[in-house]
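Here's the structure we're looking at; comments come further down.
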Amino acid sequence: MANNFARMLSSKRNVRILSLIGAGSLTAGFLLNREHVTAGAQARRVYPASAEYPDLRKHNNCMASHLTPAIYAKLVDKTTPNGYSLDQAIQTGVDNPGHPFIKTVGMVAGDEESYEVFADLLDPVIKERHNGYDPQIMTHPTDLDSSKLTSGNFDERYVLSSRVRTGRSIRGLSLPPACTRAERREVERVVVDALAGLKGDLAGTYYSLTHMTDQEQQQLIDDHFLFDKPVSPLLTCSGMARDWPDARGIWHNNTKTFLIWINEEDHTRVISMEKGGNMKRVFDRFCTGLKEVERLIQEKGWEFMWNERLGYILTCPSNLGTGLRAGVHVNLPKLSKDPRFAKILDNLRLQKRGTGGVDTAAVGSTFDISNLDRLGQSEVQLVQTVVDGVNYLIDCEKKLEKGQDIKIPPPFKK
Amino acid sequence: MPFGNTHNVLKLKYASSEEYPDLSQHNNHMAKILTPAIYERLRSKQTPSGFTLDDVIQTGIDNPGHPFIMTVGCVAGDEETYEVFKELLDPIIEDRHGGYKPTDKHKTDLNADNLKGGDDLDPNYVISSRVRTGRSIRGFCLPPHCSRGERRGVEKMSVEALDSLSGDLKGKYYALKNMTDAEQQQLIDDHFLFDKPVSPLLLASGMARDWPDGRGIWHNDTKTFLVWVNEEDHLRVISMQKGGNMKEVFNRFCTGLTKIETLFKDKGTSFMWNEHLGYVLTCPSNLGTGLRAGVHVKIPNMSKHAKFEEVLKRLRLQKRGTGGVDTAAVGGTFDISNADRLGFSEVELVQMVVDGVKLLVEMEKKLEKGQSIDDLMPAQK
């Protein structure tokens with residue numbers, strides 16, 4: 001039985017064009033039908049599954065919560081058509097037991113097919129991580145029509161900067177935990193080729209990590225653009241840092257407001273950012289840029305990994321759907337000390353981080369505030385959530401400045 | 001089982017030149033020896049357990065090395081690695097082990113009676129004496145490649161063998177994952193406890209996967225014979241004690257090793273060993289005897305002498321700090337051990353250490369008295 005994947009992989013130069021029209025619906029798309037994915041070669045096995053089952057008694061991550069001996073036994077002999085195995089997918093979660101207070105995901109995908117072949121484990125993990133989203137019965141909306149965003153201009157006395165990021169994977173090539181050097185170089189080639197076709201305020205330059213001059217490196221550090229070799233064991237244990245810095249690089253436009261990371265944790269990370277509170281303009285550029293890049297790779301016969309069930313496919317299950325994190329750096333000296341701060345954020349479906357990003361502490365009273373959710377809501381919906389939420393937080397701050405009382409908002413309803 | 005390598009078949013869809021690693025910044029044995037032609041010839045191969053060329057070299061790609069220190073840059077995933085990838089590994093072995101040829105034969109000699117002297121190193125200078133080696137259990141994959149089941153199998157088999165030791169070798173196993181806080185503290189105080197590797201040289205090879213599952217430390221009641229299970233190798237065997245009686249340390253070392261080997265044979269298995277490479281271990285640098293015999297010795301004057309390095313070189317000795325490899329010496333106390341592993345027998349290597357350290361202490365005493373050491377300069381061994 002010819003499966004969709006064999007056809008897709010062998011005819012990547014003849015794919016039907018996926019047109020993403022701003023109306024928010026897709027005219028064509030490849031559905032990943034679970035039954036059509038034939039698994040790859042049998043994994044090498046000397047011992048029975050029970051002898052191989054990991055010791056997860058001290059573990060606190062989504063993978064450990066859902067990997068029962070039965071599921072392990074069912075999946076351990078399977079591999080994706082590229083040869084990626086369950087043990088590889090869960091290695092990061094086995095090696096990093098987690099933290100009693102922070103629940104990490106504990107597994108990654110090595111390729112698009114991982115989400116099908118290991119669905120028995122990934123679906124419950126996705127459901128837990130994405131607030132009840134059930135990939136078996138739900139569909140994910142994609143909407144990159146930024147004209148729908150309202151009230152996207154923040155009070156710049158409070159909001160210092162605005163940023164939207166996401167990731168995109170190139171269909172047909174393995175993801176960073178599993179890719180070969182040749183595949184990784186091909187990702188770089190495909191993306192850099194496409195980016196060279198960007199024009200106007202999107203025109204820019206690519207800086208490969210391998211060939212960067214000291215001067216270029218310093219400039220990129222000063223611009224807060226440069227990403228370094230990952231040190232977090234959560235990432236390195238998945239194998240994504242292999243062969244560093246081969247085929248890794250940073251592209252940015254001349255005005256330094258649109259930036260793309262190549263072959264870090266995902267094939268690409270796409271970032272639109274500016275100082276100040278004009279989230280609307282940031283999101284406009286984000287959508288325009290993304291669509292342009294997509295059009296340019298499609299001209300050469302490539303496309304992004306996407307399906308109706310899971311939206312955009314990325315390495316970490318936590319980034320499925322939109323893969324989108326829209327955030328601001330905002331000053332909230334009074335509100336951040338209010339005991340209701342955490343609950344307010346929670347009800348607004350927002351998350352706070354330090355200004356160094358995930359796993360950092362806030363400096364002074366400036367916080368990074370962004371959306372919690374990634375999957376089950378569209379890009380427009382999530383950015384609107386951030387806009388409405390941040391406006392509410394600023395309103396609270398202003399009230400507290402005047403000595404007025406604030407209210408905890410009702411829990412967010414989709 | 002390092003990543004991206006179970007699908008060796010996928011890789012073959014790309015031309016060898018597209019997969020060939022960028023080694024332009026690299027300074028390790030692997031980068032020195034590997035060529036595009038060798039890569040092309042070997043990349044379609046794998047050992048019976050599925051270890052591939054990229055598995056072998058990943059650590060060397062990820063760790064370019066140091067301009068002054070030459071690391072090996074590759075590991076074995078199983079015994080067969082050294083056969084299947086001999087085109088790459090033989091020249092690396094030759095380069096690392098002083099010209100050891102693919103046709104050379106390695107002598108194994110664990111008869112401690114053959115050691116001359118070694119029981120009289122001056123304890124005023126020699127603080128402690130130690131001999132270590134490694135052993136791999138035939139039939140199991142090595143730490144870079146083993147599955148959890150295999151690693152646990154190695155642990156089970158090793159602990160069974162060690163539990164049947166008696167007399168002054170009788171002891172106890174402490175599994176890393178079941179250790180109590182009190183046990184852990186004691187093992188740290190005894191300088192026995194090994195921790196999860198942090199060196200990227202080791203991590204990049206995949207040997208720290210699933211930590212601390214299947215790892216542990218066994219030692220005898222008198223704390224003079226110690227075995228690490230599933231750290232960088234299946235087993236690391238250590239005999240040590242305070243003072244300068246290297247002969248006693250080596251006696252216990254040989255007795256213990258021989259007993260353990262017999263116990264494994266009784267169970268129908270053996271250590272990985274062959275006539276050409278001697279004992280087979282994860283890192284090619286530890287082939288042959290896998291033996292490092294060393295002392296902590298106080299040589300503040302000698303170590304500052306202009307000819308110190310030259311003397312060590314001629315004696316075929318190596319200096320390290322008292323924290324082991326990659327550490328600095330503290331207050332004139334050095335770890336002095338044999339530089340060689342392969343091409344000399346265990347007895348020969350320990351003899352070199354015994355004779356060499358004796359000479360170093362003599363030189364130290366002369367320098368203390370303000371005398372010259374020129375007439376003591378040794379010939380190149």
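Letters A, B, ... mirror the listed sequences (proteins, then strands); counts begin at 1.
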- Message: Please determine whether the number of non-hydrogen atoms from other residues, nucleotides or ligands lying under 6.0 Å from atom CD of B/Glu40 exceeds 12.
- Response: no
- dist A/Glu52:CD -> B/Arg151:CZ (nearest 0.5 Å) comes out at 9.0 Å
- Measure distances from A/Leu56 to the heavy atoms of chain B and classify the residue's part below 4.5 Å as side chain, backbone, both or neither. neither
- Atom NZ of B/Lys32 with >12 non-hydrogen neighbours under 6.0 angstrom: no
- Turns out that what part of B/Ser24 lies under 4.5 Å from chain A's heavy atoms comes down to neither
- Message: Tell me whether A/Lys229 at atom NZ has more than 12 heavy atoms from other residues, nucleotides or ligands lying less than 6.0 Å away.
- Response: yes
- Message: Is it true that, when you exclude B/Asp266 itself, more than 12 heavy atoms of the residues, nucleotides or ligands shown sit nearer than 6.0 Å to its CG?
- Response: yes
- Item | Contact summary for B/Arg152 and A/Asp55, nearest pair of heavy atoms | NH2-N, 3.6 Å
- Message: Within the structure provided, determine whether A/Asp95 and B/Asp210 are in side-chain contact (heavy-atom separation under 4.5 Å).
- Response: yes
- Message: In the structure I gave you, are the side-chain heavy atoms of B/Lys177 and A/Arg57 within less than 4.5 Å of one another anywhere?
- Response: yes
- Closest approach of B/Glu150 to A/Tyr47 (non-hydrogen atoms, all atoms of both residues): CG-CE1, 3.4 Å
- Message: Measuring only between side-chain heavy atoms, which start at C-beta, is B/Arg209 closer than 4.5 Å to A/Asp87?
- Response: no
- Measuring heavy-atom distances to chain B, does A/Asp246 have an atom under 4.5 Å in its side chain, in its backbone, in both, or in neither? side chain
- Do you know the tightest heavy-atom contact between B/Asp62 and A/Ala241? OD1-O, 4.3 Å
- Is there a side-chain contact between A/Glu186 and B/Tyr14 (heavy atoms, below 4.5 Å)? yes
- Task: Kindly compute the distance separating CD (B/Glu19) from CZ (A/Arg184), expressed to the nearest 0.5 Å.
- Result: 9.0 Å
- Non-hydrogen atoms of chain A under 4.5 Å away: do they reach the side chain of B/Asp213, the backbone, both or neither? side chain
- Close side-chain approach of A/Arg181 to B/Ile61, heavy-atom, < 4.5 Å: yes
- Item | Closest non-hydrogen atom pair between B/Tyr20 and A/Arg185, with its separation | O-NH2, 2.8 Å
